[in-house]
Amino acid sequence: MRIPAFSLTSSVLCTLLAACASTPAPKAPAITAPTVQVPPVKVGLALGGGAAKGFAHIGVIKMLDANGIHPVVVAGTSAGSVVGALYASGMDAYALQQKAVALDEASIRDVSLFSGGVVKGQKLEDYVNAQVGGRKFEQLKKPFAAVATRLEDGQRTVFVRGNVGQAVRASSSIPGVFEAVSIGKYHYVDGGVTSPVPVDAARELGADFVIAVDISSKANGVADSASLLGNVNQSITIMGQKLGALELTRADVVIRPKVNDIGAADFAQKNRAILEGERAAQALLPQIKAKLAQLQAQRQAQAQQTANIKAAQAREAERTARCAQQTGWLDKLRRDADCRAD
C-alpha cells in the first residue's frame, strides 16, 4: 500500500516535535558569588608630643594590646616618636614599661651651652638607635613615621626611611631647648609645631582606623615663668593648638590621658603617666571595639556587594552566549526559559 507523501512528512514532523517535547532543555548553570573574606581593619596609632607626659603612651599601648587591639602602623611626634620607634621595633608594652622604669634622664640629655639650643640631642639619637638595634626605618617590625618640622619653611616632614634615631631626635627637638637637627640640606625641629598628634601620618602609612593619643597641655592661662622648658613647651602648644585640633578630627578615636599637671621635664612622674594612659584607654575600649566591628562589617558588606555584582554580570554574559546558540527553528521550539524573551 502506498503512503501519501504529505502523511509521511506530517508523521516525521510530529515525531520530531514529540522528541523535542520529551527532551528537556538544558538548565542554565548556577553562578553564585562566594562569601567574600576581607582582611582585618588596619589599625594605626598616632602618638602625640608632650615631653615627659609621653610615658602615658606606654599605658595606652599596654591596654590596647591586652585587649587584642594590635596597631600595625605607628606614627609619632616628639615624645610620641620615641615611644613609637621602640614599639615599631618589636617591643611589646611590658618591654616598653621596663625601658621606661630603667630610663635615666641623664642618658638622653646632653647639655650644650655654645650652640643654638641648651640640649644637643645626640644622646637621644644614640639611645633610640641602641634600643632599636641600629635598624633603619625599613627594617623595623611595623611601619613607622616620625614627624618633624622643617625650620627653613615650616613644612611638616614625615620621616619613614633612614636613620631612626636621627629622625626621632629631629621630631623631638623643641626650639630653643634642643639644637635644630641637620639632615641633608635642611634643619629640623619639633614636629609639634606642625603636627602635634600625627593622625595624617598614620593614614599615610596605610591605616584604615586611627587611634590618636593626645597628651598635649591646653593653654589654660597658667604659666611657670621659672621653667624654660615649660614655657617653650607652652608656646609650642599655643602655636599648634588649632592646627592639632583640626587634625584630630580626622582620627577615629582620640584618647586623652589626664596628664596635664605633669611637667614637661618631670620624669619622676613616669609611673603615674603610664597608669593614666592605661585608664584613659580602658575607658574608651567599648567605643574602640564597637567602631572597629562596625567598620569591618561595612567593608565586608561592600566587598560582598561588589562580588555579587560581578557574579550577576558573569551570569548575564553566560546567558547571552547560551541564548545566541539557540537560533535554529528547532532550537527556538525548545529554548531555555530565560532565553524566550529575547
Side-chain angles (χ1 to χ4, degrees), residues 40-105 107-108 124 127-133 135 137 139-146 164-165 168 171-172 197-199 201-202 205 207 209-215 251-259 262 267-289 291-292:
V41 172
K42 290 180 67 174
V43 178
L45 203 53
L47 305 177
K53 298 178 179 67
F55 290 107
H57 292 316
I58 297 173
V60 171
I61 292 171
K62 187 176 176 182
M63 189 56 61
L64 293 177
D65 279 354
N67 285 273
I69 300 169
H70 305 293
V72 295
V73 301
V74 189
T77 290
S78 198
S81 73
V82 179
V83 176
L86 272 58
Y87 184 51
S89 74
M91 291 186 192
D92 61 20
Y94 293 96
L96 288 173
Q97 186 167 2
Q98 289 178 338
K99 294 292 182 183
V101 171
L103 180 63
D104 177 9
E105 187 180 354
S107 65
I108 59 172
L124 174 61
Y127 172 80
V128 171
N129 278 333
Q131 298 307 314
V132 302
R135 286 173 287 175
F137 276 89
Q139 299 169 314
L140 298 177
K141 297 290 182 66
K142 301 176 188 285
F144 169 62
V164 176
V168 169
S171 179
S172 306
V197 186
V199 175
L205 287 176
F209 186 95
V210 176
I211 299 172
V213 186
D214 180 15
I215 55 171
D252 295 281
V253 174
V254 180
I255 298 174
R256 291 186 170 92
K258 295 180 180 179
V259 290
I262 295 179
F267 278 61
Q269 296 269 26
K270 64 179 77 170
N271 288 328
R272 185 187 146 220
I274 292 172
L275 181 59
E276 290 296 343
E278 290 180 23
R279 287 172 175 165
Q282 185 175 33
L284 288 180
L285 278 175
Q287 181 184 138
I288 294 171
K289 289 181 177 180
K291 286 190 172 186
L292 280 172

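Here the structure is a predicted model, which is why all the values come from computation and not from measurement.
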Discussion item. Does this structure show an ion pair linking Asp252 with Lys291, if we count only N-O contacts that are shorter than 4.0 Å?
Written reply: no
Worksheet item: Within the side chain of Asn67, is there an N or O that forms a donor-acceptor pair under 3.5 Å with the backbone of Ile69?
Response: no
Discussion item. Using only atom types and a distance under 3.5 Å, with no angle test, would you say the side chain of Ser81 pairs donor to acceptor with the backbone of Gly76?
Written reply: no
Discussion item. Just so I know, are the side chains of Asp92 and Tyr87 near enough to count as touching, which here means a heavy-atom distance under 4.5 Å?
Written reply: no
Worksheet entry | Val253 side chain reached by Leu284 side chain, heavy atoms, under 4.5 Å | yes
Practice prompt. Keeping the roles fixed (side chain from Ser89, backbone from Leu86), state whether a donor-acceptor pair exists under 3.5 Å.
Written response: yes
Worksheet item: So, does His57 use its side chain to make a donor-acceptor pair with the main chain of Gly49 at under 3.5 Å?
Response: no
Practice prompt. Would you check if Val60 and Glu278 make a side-chain contact, meaning some heavy-atom pair closer than 4.5 Å?
Written response: no
Discussion item. Restricting to non-hydrogen atoms, name the atom on Ile215 and the atom on Ala56 that form the minimum distance, rounded to 0.1 Å.
Written reply: CG2-CB, 4.1 Å
Worksheet item: Where do Gln131 and Met91 land on the side chain to side chain contact (heavy atoms under 4.5 Å, CB included) test, with the steps shown first?
Response: CA-CA 9 Å; Gln131 298 307 314; Met91 291 186 192; 3.8 Å; yes
Worksheet item: Taking everything shown except Lys142 itself, do over 12 heavy atoms lie less than 6.0 Å from its NZ?
Response: yes
Item to complete: Check whether any side-chain heavy atom of Val101 lies under 4.5 Å from a side-chain heavy atom of Asn271, and answer yes or no.
Response: yes
Discussion item. Using modelled atom types and a 3.5 Å cut-off, is there a donor and acceptor pairing between side-chain atoms of Lys99 and backbone atoms of Val83?
Written reply: no
Worksheet item: Can you check whether Val259 reaches Ile262 side chain to side chain, under 4.5 Å on heavy atoms?
Response: yes
Practice prompt. Measure centre to centre between the rings of Phe55 and Phe267, then say whether the value is under 6.0 Å.
Written response: yes
Worksheet item: Are the side chain of Arg135 and the backbone N or O of Val132 linked by a donor-acceptor pair below 3.5 Å?
Response: yes
Worksheet item: At their closest point, which heavy atom of Ala88 faces which heavy atom of Phe144, and how far apart are they?
Response: CB-CB, 3.6 Å
Worksheet item: Are any non-hydrogen side-chain atoms of Val43 and His70 less than 4.5 angstrom apart?
Response: no
Discussion item. Please determine whether side chain to side chain contact (heavy atoms under 4.5 Å, CB included) holds for the pair Val213 and Val197, giving the CA-CA distance in whole Å, both sets of side-chain angles, and the decisive distance to 0.1 Å.
Written reply: CA-CA 7 Å; Val213 186; Val197 186; 5.9 Å; no
Worksheet item: Which heavy-atom pair separates Gly84 from Val74 by the least distance, and what is that distance?
Response: CA-CG1, 3.8 Å
Discussion item. Applying side chain to side chain contact (heavy atoms under 4.5 Å, CB included) to Leu96 and Ile61, what does each step give before you reach the verdict?
Written reply: CA-CA 9 Å; Leu96 288 173; Ile61 292 171; 4.0 Å; yes
Discussion item. Less than 4.5 Å apart, side chain to side chain, heavy atoms only: is that true for Ile255 and Asp214?
Written reply: no
Discussion item. Side chains of Val73 and Leu45, heavy atoms from C-beta outward: is any pair under 4.5 Å?
Written reply: no
